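This report refers to the structure that appears directly beneath it.
Just so it is clear, the values below take in all heavy atoms, side chains as well, and ignore hydrogens, waters and symmetry mates. A quick note: this is a predicted structure, and the numbers were derived from the prediction, not measured. Proteins get letters first, then strands, A, B, ... in listed order; numbering begins at 1 in each.
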There are 2 protein chains.
Amino acid sequence: MVKQLDAVFHALADPTRRTMVRTLAGADRTVGELAAPHPISLAAASKHIKVLERAGIVQRTVRGRQHVCRLVAEPLAAASDHLRFYERFWTGRLDALEAFVTPAPEEDPE
Amino acid sequence: MVKQLDAVFHALADPTRRTMVRTLAGADRTVGELAAPHPISLAAASKHIKVLERAGIVQRTVRGRQHVCRLVAEPLAAASDHLRFYERFWTGRLDALEAFVTPAPEEDPE
DNA sequence: TCTATTGTCAACCATGTGGTTAAGCAACTG
DNA sequence: CAGTTGCTTAACCACATGGTTGACAATAGA
């Protein structure tokens, strides 16, 4: 079973998917609208969106024959938190020591 | 050719790799030290580290027969920036409007 | 009702991923 | 010098990924 964070990072590892998410940040879109800017078939776009759904980043509402996609930000927040842990490495400020205190989330131990 | 951001997100999509990075946040480590906590062969760990290197997250220094790995945070900062764009979606504060003004980085158009 | 639109699903293909084992090199240790 | 340690590389395997095409379902519109 894939963990949420795995799925989120994997979803964002593809530029096509990142563009889709970026678009959804502006407004809800149908599958067709999300696919349009990309030189891929609708079926391929459909797969991309399924990846985003699996990561919990996108939620779908069927409205008539169109599927309207909506951005769900919480999983992105989790990923952002994970990265923010390393903030003290690229900001000179060592006062970001709070991050250092944060207990490492104990991943992997299965 | 894979772009940096792709590589960073991909590198972080694996819990084993995330644990390695987390470990490197504490101190530099040899390949063996990074591999030790994981139930995988040294060869597999070597591959993981190569993925991290390709993403620019890790730099290697050969010291005698051991390869010492060091965390390089800049690529993580780039990924963090990307995610921070969506911050306004999970914080109620709409005063994070600066993010809204940020021009979308125009990905994908190659 | 007939047709066009929107999208999914299944099958297929090429490539990448994550793991293994086995071989080998380089560098310490005796 | 011989053996051990630390690590990479190559070959292999099973499976996931990203793309395709073609068939199908459901809705919208004539």
Practice problem: Tell whether A/Arg65 reaches the base of D/dT27 with its side chain through a donor-acceptor pair below 3.5 angstrom. | Solution: yes
Quiz item: Are B/Val51 and B/Leu5 joined in one hydrophobic group, where the rule is that I, L, V, M, F, W and Y side chains link up if heavy atoms are under 4.5 Å apart?
Solution: no
Quiz item: Please give, in whole Å, the distance from C/dG18 C1' to B/Leu12 CG?
Solution: 17 Å
Quiz prompt | Heavy-atom check, side chain of A/Leu83 versus side chain of B/Leu12, under 4.5 Å | solution = yes
Practice problem: May I have the distance from B/Leu42 (atom CG) to C/dG18 (atom C1'), rounded to whole angstrom? | Solution: 15 Å
Quiz prompt | Given DNA chain D, 5'-ward residue of the pair B/Ile49 and A/His48, judged by closest heavy atom | solution = B/Ile49
Self-check item: OP1 or OP2 of D/dT20 under 4.0 Å from side-chain N/O of A/Lys47
Solution: no
Quiz item: Just to confirm, is there a sub-4.0 Å distance from OP1 or OP2 of D/dT17 to any side-chain nitrogen or oxygen of A/Arg54?
Solution: yes
Quiz item: Between B/Arg17 (CZ) and C/dG18 (C1'), how many Å, whole number?
Solution: 9 Å
Quiz item: When the distance from NZ of B/Lys50 to P of D/dC7 is rounded to whole Å, what number comes out?
Solution: 14 Å
Quiz item: Nearest-Å distance, CG (A/Asp6) to C1' (D/dT17)?
Solution: 16 Å
Quiz item: How is B/Ser41 classified with respect to the nucleic acid when contacts are heavy atoms under 4.0 Å: base, sugar-phosphate, or nothing?
Solution: base
Exercise. Could you point out which residue of B/Arg29, B/His38, B/Glu33 forms a side chain to side chain contact (heavy atoms under 4.5 Å, CB included) with B/Met20?
Key: B/His38
Self-check item: Rounded distance (Å) that lies between atom C1' of C/dG18 and atom CG of B/Leu52
Solution: 14 Å
Quiz prompt | Candidate nucleotides D/dC7, D/dG18, C/dG19, ranked by approach to the side chain of B/Ile40 - the nearest | solution = C/dG19
Self-check item: Whole angstrom value for the distance that separates C1' of D/dC7 from CG of B/Leu34
Solution: 13 Å
Quiz item: Does A/Arg17 use its side chain to pair, donor to acceptor, with the backbone of A/Ala11 at less than 3.5 Å?
Solution: yes
Practice problem: Please determine if a side-chain N or O atom of B/Thr16 lies less than 4.0 Å away from the OP1 or OP2 oxygen of C/dG18. | Solution: no
Practice problem: Ignoring backbone atoms, establish whether A/Ser46 has a side-chain N or O less than 4.0 Å from OP1 or OP2 of C/dC9. | Solution: no
Self-check item: Same apolar cluster (I L V M F W Y, side chains within < 4.5 Å links), B/Val68/A/Phe89
Solution: no
Quiz item: D/dA25 C1' sits how many Å from A/Gln66 CD, rounded?
Solution: 16 Å
Exercise. Kindly say if B/Arg63 contacts the phosphate of D/dG6, meaning a side-chain N or O under 4.0 Å from OP1 or OP2.
Key: no
Practice problem: Kindly point out which of C/dT20, D/dG18, D/dC7 is positioned nearest to the side chain of A/Asp14? | Solution: D/dG18
Practice problem: Report the residue (A/Ala43 or A/Gly64) whose heavy-atom-nearest nucleotide on DNA chain D is the more 5′ of the two. | Solution: A/Ala43
